Amino acid sequence: AQSVSQHNHHVILSEAASLELGCNYSYGGTVNLFWYVQYPGQHLQLLLKYFSGDPLVKGIKGFEAEFIKSKFSFNLRKPSVQWSDTAEYFCAVFIYNQGGKLIFGQGTELSVKP
Amino acid sequence: DGGITQSPKYLFRKEGQNVTLSCEQNLNHDAMYWYRQDPGQGLRLIYYSQIVNDFQKGDIAEGYSVSREKKESFPLTVTSAQKNPTAFYLCASRGGLAGTGELFFGEGSRLTVL
């Protein structure tokens with residue numbers, strides 16, 4: 001079965017540190033890729049998405065992600081985190097040829113210390 | 001306002017009872033999804049539907065049922081066969097072609113089985 005794996009369950013950083021959250025998926029066909037963020041007490045929001053073209057995509061709030069097809073990865077990065085980035089981050093994969101199946105990873109909780 | 005409405009927000013039920021969670025959207029989206037969110041497990045896909053009168057099982061469909069008789073509605077029934085039904089349930093819809101659209105989420109329904 002297809003799956004999405006996020007490497008880190010909980011990441012703790014100090015402000016201004018760089019961030020990289022790993023995401024790998026297991027499916028050999030065509031996919032669209034997403035990162036969502038859930039701030040405490042709020043809905044999930046879209047951070048960024050990849051459909052095709054340049055594998056380096058930029059999203060809101062200074063986040064970016066790189067799609068590496070050969071590694072089935074879509075890692076999220078930010079050069080310098082802020083306290084307000086404290087949230088839970090979810091990687092998601094839309095699978096073509098599966099009737100619109102969209103699956104999420106387990107989530108990574110990010111805590112940024114001021 | 002356009003959006004997704006889930007009801008009820010909180011629900012208590014006794015073991016052995018079926019319960020139906022409502023999800024309505026006025027975004028004119030074709031695709032709708034039901035997820036279950038548990039701490040440390042991310043969002044797990046229960047059922048999804050790309051068009052009216054059609055739906056598919058997700059990764060954890062056992063003990064759940066759905067219907068999609070109208071484009072705007074996608075109710076989820078948690079049956080007595082679901083072994084661990086206490087959870088937070090999220091409904092989402094997606095517009096766009098072939099997986100290009102982002103998900104819009106409802107506020108969720110928290111089900112507690114007593």
Side-chain angles (χ1 to χ4, degrees), chain A residues 1-11 21-27 29-53 57 59-60 87-110, chain B residues 1-6 9 23 25 27 29-62 66 68 74 88-110:
Chain A
Q2 308 89 7
S3 65
V4 180
S5 177
Q6 293 183 236
H7 307 157
N8 309 99
H9 179 59
H10 192 186
V11 173
L21 301 182
C23 173
N24 285 89
Y25 62 95
S26 61
Y27 180 69
T30 304
V31 296
N32 291 340
L33 299 157
F34 303 83
W35 275 97
Y36 282 83
V37 60
Q38 188 172 30
Y39 297 103
Q42 296 188 26
H43 291 189
L44 276 84
Q45 304 175 29
L46 180 68
L47 264 184
L48 46 76
K49 56 188 177 183
Y50 172 80
F51 301 142
S52 63
V57 292
I60 60 172
E88 191 158 16
Y89 293 80
F90 296 92
C91 181
V93 176
F94 176 89
I95 299 171
Y96 281 81
N97 303 324
Q98 293 276 334
K101 190 174 188 180
L102 180 58
I103 56 175
F104 284 77
Q106 307 95 316
T108 298
E109 187 179 347
L110 172 64
Chain B
D1 285 351
I4 300 179
T5 302
Q6 287 187 242
K9 196 169 183 177
C23 178
Q25 54 102 356
L27 299 166
H29 287 168
D30 285 311
M32 296 187 75
Y33 299 80
W34 273 106
Y35 294 93
R36 170 178 171 148
Q37 187 174 17
D38 297 284
Q41 299 193 59
L43 280 72
R44 292 183 290 167
L45 181 63
I46 305 173
Y47 268 97
Y48 58 108
S49 168
Q50 288 293 99
I51 57 173
V52 175
N53 292 324
D54 187 49
F55 49 83
Q56 299 194 45
K57 292 183 179 180
D59 298 321
I60 58 165
E62 186 175 349
V66 293
R68 188 81 189 279
F74 191 41
F88 187 63
Y89 292 89
L90 278 168
C91 179
S93 71
R94 181 179 55 76
L97 297 174
T100 58
E102 67 178 277
L103 285 179
F104 288 81
F105 288 90
E107 292 194 349
S109 293
R110 186 167 296 280

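Because only heavy atoms are used, hydrogens play no part in the values below, and waters and symmetry mates are left out as well, while side chains stay in. Chain letters run A, B, ... following the sequence lines, proteins first and then strands; every chain starts at 1. Since we're looking at a predicted model, the values are computed, not measured.
- Residues A:His43 and B:Glu107 have side chains in contact (heavy-atom distance under 4.5 Å, counting atoms from C-beta outward).
- Here the straight-line distance linking atom CG of B:Asp59 with atom CZ of A:Phe104 works out to 12.0 Å at 0.5 Å rounding.
- When all heavy atoms of A:Phe90 and B:Leu43 are compared, the pair lying nearest together is CE2-CD1, 3.9 Å.
- If you measure heavy-atom distances from B:Gln41 to chain A, the contacts under 4.5 Å come from the backbone alone.
- Using a 4.5 Å cut-off between heavy atoms, B:Tyr35 contacts chain A through its side chain alone, with no backbone atom that close.
- Expressed to the nearest 0.5 Å, how far CG of B:Asp38 lies from CD of A:Gln106 amounts to 12.5 Å.
- Counting only N and O atoms by type, the side chains of A:Gln38 and B:Gln37 include a donor and acceptor under 3.5 Å apart.
- Contact annotation for B:Leu90: only side-chain heavy atoms (C-beta onward) come within less than 4.5 Å of a heavy atom of chain A.
- Among A:Val31, A:Thr108, A:Leu102, A:Leu46, the residue making the largest number of heavy-atom pairs under 4.5 Å with chain B is A:Leu102.
- Interface residue B:Tyr33: only side-chain heavy atoms are found under 4.5 Å from chain A.
- Contact between A:Tyr36 and B:Leu103 at its shortest, heavy atoms only, is OH-N, 2.8 Å.
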